[in-house]
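This one's a predicted model, so the numbers in the text were calculated from it and none came from an experiment.
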Amino acid sequence: MKNLNFGGLCLLLGVLVLEALVAEGFNYGDALDKTLMFFEAQRSGKLPANQRVKWRGDSGLKDGYLQGVNMVGGYYDAGDHVKFGLPMAYTVTMLAWGAIDFRKEITEIDQMGNALWSIRWGTEYFMKAHTQPNVLWAQVGDGDSDHYCWERAEDMTTPRTAYKLDQNHPGSDLAGETAAALAASAIAFKPYNSSYSNLLLLHAKQLFTFADKYRGLYDDSIQNAKQFYTSSGYSDELLWAAAWLYRATDDEYFLKYVVDNAVYMGGTGWAVKEFSWDNKYAGVQILLSQILLEGRGGAYTSTLKQYQAKANYFACACLQKNDGYNIQKTPGGLMYVREWNNLQYASAAAFLLAVYSDSLSAANAKLTCPEGQIPPQALLDFARSQADYFLGKNPKSMSYLVGYGQQYPIHVHHRGSSIASIFSLQSTVECVQGFEKWYRRPEGNPNVIHGALVGGPDQNDNFSDDRSNYEQTEPTLSGCAPLVGLFSKLQTPVPRPTTPHSYQETQRTQEPYRSQEAPVEFLHSITKTWTVGPTTYYRHRVIIKNKSEKPIKDLKLVVEGLSGSVWGLNPTQQRNTYELPQWQKVLQPGSECSFVYVQGGPQAKVTVQSYN
């Protein structure tokens with residue numbers, strides 16, 4: 001009976017802690033850093049020296065060898081090891097869009113280097129795959145044989161066949177999306193490496209011409225892709241590619257293309273309530289609305305306004321302001337599109353509305369909905385609501401971003417994460433052995449795949465953390481890519497509404513503790529208290545302020561007397577020693593950051609161990 005009471009107490013305490021942290025706000029910068037690490041975990045090929053995900057090793061070093069082409073590199077799609085071209089290209093487009101539109105925000109939190117690396121890992125692969133103007137190698141690996149095995153990428157024994165598109169085997173959807181990815185990436189790289197940007201544009205233009213001239217569905221040419229990533233059409237990708245090429249080049253040819261084909265290709269006809277690796281219409285419509293809001297419509301303004309009307313339909317549907325034609329939401333407030341990997345649709349929609357909110361704000365415009373004029377802030381509020389749901393503000397109090405927060409999925413449907421690292425278990429894990437020894441084991445995954453956004457809960461907010469439940473526990477490239485821009489935008493400080501709480505609110509502030517080892521000031525405060533049984537718990541907030549006139553780098557802190565959990569610091573290998581998150585490695589003069597811990601009893605003692 002005592003054990004049962006203790007378990008109930010722990011559960012209640014966990015709920016209260018999460019409630020307190022939600023009131024404090026989420027650390028989107030930390031979430032961004034972890035998301036970028038997910039893309040490092042998905043890398044195929046020869047890994048670089050600065051690889052941060054240490055449980056991964058080199059893999060796929062002979063991809064394309066049997067076909068006489070170098071297809072080493074790129075990204076594994078999800079929890080498997082196939083390199084599917086369509087979702088990978090969409091992923092790079094979304095990564096690049098985030099780096100373009102939220103360049104200032106990403107730079108301010110010192111993540112532009114990691115963001116550009118995530119893009120370049122894809123673009124290098126695409127340029128290798130584009131061996132001739134009308135040839136694009138579109139896929140490596142066979143989904144059927146790959147899924148029969150549960151093994152690490154470093155141990156792969158499944159066929160690594162490469163599949164290509166050419167004049168006789170077209171794929172306008174995949175070639176068009178790859179053109180869009182390279183054009184968007186060219187914009188992202190232009191301020192940093194103009195010659196590389198020009199090279200990306202050369203490939204993008206050739207691929208667009210190939211996609212437009214030789215039309216067809218890629219999964220008619222590559223049959224074994226059909227059951228995994230079926231394409232619903234290619235018109236949206238052709239418009240999408242042309243729109244990105246116009247933004248990258250200012251060449252009127254591409255703007256005229258989206259206007260001339262607006263009706264025929266459905267750009268001004270389709271009113272949609274989803275945006276994904278397969279359906280780009282909402283993305284095209286918002287991208288072209290940006291051009292209109294920037295005052296660059298010129299002679300094409302009338303048609304661009306028709307595109308914007310459909311962009312507004314999508315945004316209004318997300319905000320439940322579309323005269324009944326709205327998106328479906330779960331009771332907990334999550335956008336719900338379909339059962340399999342639903343969070344990818346919510347992350348994409350949240351990103352689009354964050355982008356559109358910025359563009360409307362810059363133009364001093366409002367969103368026109370059937371139910372009235374909506375201020376841009378409402379779009380950003382929707383984006384934030386989805387991001388907060390991902391990070392733990394949901395009925396399950398579960399972070400669906402692996403490695404973020406105190407409760408997240410530990411049975412992720414991911415081969416590499418679920419099997420001991422090649423560096424700790426050097427013997428080969430064979431195809432069937434992986435299922436027997438690792439897939440079916442009840443324990444959590446031995447490798448935490450930080451930043452993986454899993455498929456997520458069902459339409460009633462229910463979630464089962466089960467490795468065999470791939471619809472809910474498998475992460476994908478396409479689900480995670482929009483998060484880079486989304487978290488970057490949300491990291492920007494904004495006023496947050498105060499929320500009443502059932503437990504006692506306090507504002508007891510103590511005198512600052514000034515470290516003798518570094519020019520740092522610690523300000524301890526207790527911001528909330530609540531009582532569970534005989535014990536009173538306190539939420540402590542510690543502000544770290546740089547009082548000097550020089551930047552402080554690589555600050556390491558010793559936290560003694562800590563009996564609860566800490567948020568906002570990363571533990572090191574040394575006992576009681578913590579460091580600042582990756583995005584906060586440098587504390588500028590006069591700037592400050594903070595961390596939070598919850599415990600009963602007196603406050604912990606914080607001292608500086610080292611800094612540069």
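The environment of CH2 in Trp55 is crowded: more than 12 heavy-atom neighbours from other residues, nucleotides or ligands sit within 6.0 Å. In Tyr192, the OH atom is crowded: over 12 heavy atoms of neighbouring residues, nucleotides or ligands sit closer than 6.0 Å. Annotation: Lys46, atom NZ; neighbour count of heavy atoms from other residues, nucleotides and ligands within 6.0 Å does not exceed 12. Applying the 6.0 Å contact sphere to OH of Tyr313 captures more than 12 heavy atoms from other residues, nucleotides or ligands. Heavy atoms of other residues, nucleotides or ligands lying less than 6.0 angstrom from CZ of Arg103 number 12 at most.
Electrostatic pairing of Lys205 and Asp251 does not count as a salt bridge here, judged by no charged N lying under 4.0 Å from a carboxylate O. The existence of a salt bridge linking Lys83 and Asp142 is excluded, since no basic side-chain nitrogen approaches an acidic carboxylate oxygen closer than 4.0 Å. Using a 4.0 Å cut-off between a side-chain N of Lys or Arg and a carboxylate O of Asp or Glu, Asp80 and Arg415 do not qualify as a salt bridge. Note on Arg384 versus Asp388: no salt bridge recorded, every NZ/NE/NH1/NH2 to OD/OE distance being 4.0 Å or above. Taking a cutoff of 4.0 Å between a charged side-chain nitrogen and a carboxylate oxygen, Lys128 and Glu124 do not qualify as a salt bridge.
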- Task: Run the numbers on Thr93 and Lys280 for side chain to side chain contact (heavy atoms under 4.5 Å, CB included), then give the verdict.
- Result: CA-CA 11 Å; Thr93 308; Lys280 312 298 175 3; over 6 Å; no
- Show your working on side chain to side chain contact (heavy atoms under 4.5 Å, CB included) between Leu207 and Phe126 and close with a plain yes or no. CA-CA 11 Å; Leu207 281 167; Phe126 295 145; 6.0 Å; no
- Can Asp101 and Lys489 be said to form a salt bridge (Lys or Arg N to Asp or Glu O under 4.0 Å), step by step? CA-CA 9 Å; Asp101 277 35; Lys489 173 60 182 176; over 6 Å; no
- Task: Carefully, step by step, assess Arg52 and Asp33 under the rule salt bridge (Lys or Arg N to Asp or Glu O under 4.0 Å).
- Result: CA-CA 11 Å; Arg52 293 184 294 168; Asp33 187 55; 2.9 Å; yes
- Run the numbers on Tyr281 and Lys310 for side chain to side chain contact (heavy atoms under 4.5 Å, CB included), then give the verdict. CA-CA 9 Å; Tyr281 281 114; Lys310 294 302 187 287; over 6 Å; no
- Task: Could you walk me through whether Phe228 and Phe84 pass the ring-ring contact (aromatic ring centres under 6.0 Å, His included) test, one step at a time?
- Result: CA-CA 9 Å; Phe228 301 101; Phe84 289 108; 5.7 Å; yes
- I would like to know whether Phe102 and Trp97 meet ring-ring contact (aromatic ring centres under 6.0 Å, His included); could you show each step before the answer? CA-CA 8 Å; Phe102 302 121; Trp97 198 354; 9.1 Å; no
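In terms of heavy-atom proximity, Cys318 sits nearest to Leu353 at CB-CD2, 3.8 Å. Contact detail for Ser289 and Gln285: the closest heavy-atom pair is OG-O, 2.6 Å. The two residues Ala349 and Phe314 come nearest to each other via the heavy atoms CB-CZ, 3.8 Å. In this structure, Val82 and Val140 approach most closely via the heavy-atom pair CG1-O, 3.5 Å. Here the closest heavy-atom approach between residue Met71 and residue Ala162 is recorded as CG-CB, 4.4 Å.
Judged by distance alone, the side chains of Gln51 and Arg43 do bring a donor and an acceptor atom under 3.5 Å apart.
Aromatic pair Phe39/Trp117: centroids not less than 6.0 angstrom apart. Proximity of the aromatic rings of Phe254 and Phe208 is defined here by a centroid distance below 6.0 angstrom, and this criterion is met.
Counting only heavy atoms from C-beta outward, the side chains of Leu47 and Arg56 approach each other to under 4.5 Å. Considering only heavy atoms from C-beta on, Leu334 stays 4.5 Å or farther from Lys329 through its side chain. The side-chain heavy atoms of Leu200 and Met127, taken from C-beta on, include a pair separated by under 4.5 Å. Counting heavy atoms from C-beta outward, Tyr408 and Leu401 have side chains that stay 4.5 Å or more apart. For the pair Asn224/Gln139, a side-chain contact is recorded, criterion being any heavy-atom separation below 4.5 Å from C-beta on. In this structure, the side chains of Val412 and Ile449 come closer than 4.5 Å at one or more pairs of heavy atoms. By the 4.5 Å heavy-atom criterion applied to side chains, Thr209 and Pro133 are not counted as neighbours. The side-chain heavy atoms of Val484 and Phe351, taken from C-beta on, include no pair separated by under 4.5 Å.
Atom-to-atom distance recorded for Gln308:CD and Thr268:OG1 is 13.5 Å, nearest 0.5 angstrom. To the nearest 0.5 Å, the span separating CE on Met112 from OG1 on Thr107 amounts to 4.0 Å. Rounded to the nearest 0.5 angstrom, Ser231 OG and Leu86 CG are separated by 6.0 Å.
In this structure, Arg338 forms a cation-pi arrangement with Tyr345, its terminal cationic atom sitting closer than 6.0 Å to the ring centre and no more than 45° off the ring axis. A cation-pi arrangement, defined by a distance under 6.0 Å to the six-membered ring centre and an angle within 45 degrees of its axis, is absent between Arg120 and Tyr125.
By the 30° and 60° cut-offs, the orientation of the rings of Trp244 relative to Trp240 is perpendicular. The aromatic rings of Tyr76 and His81 stand perpendicular to each other, their planes meeting at an angle above 60°, with 30° marking the opposite boundary.
Tested against Tyr229, the residues Tyr90, Trp277, Tyr218 include a single ring pair (Phe, Tyr, Trp, His ring centres under 6.0 Å) partner, Trp277.
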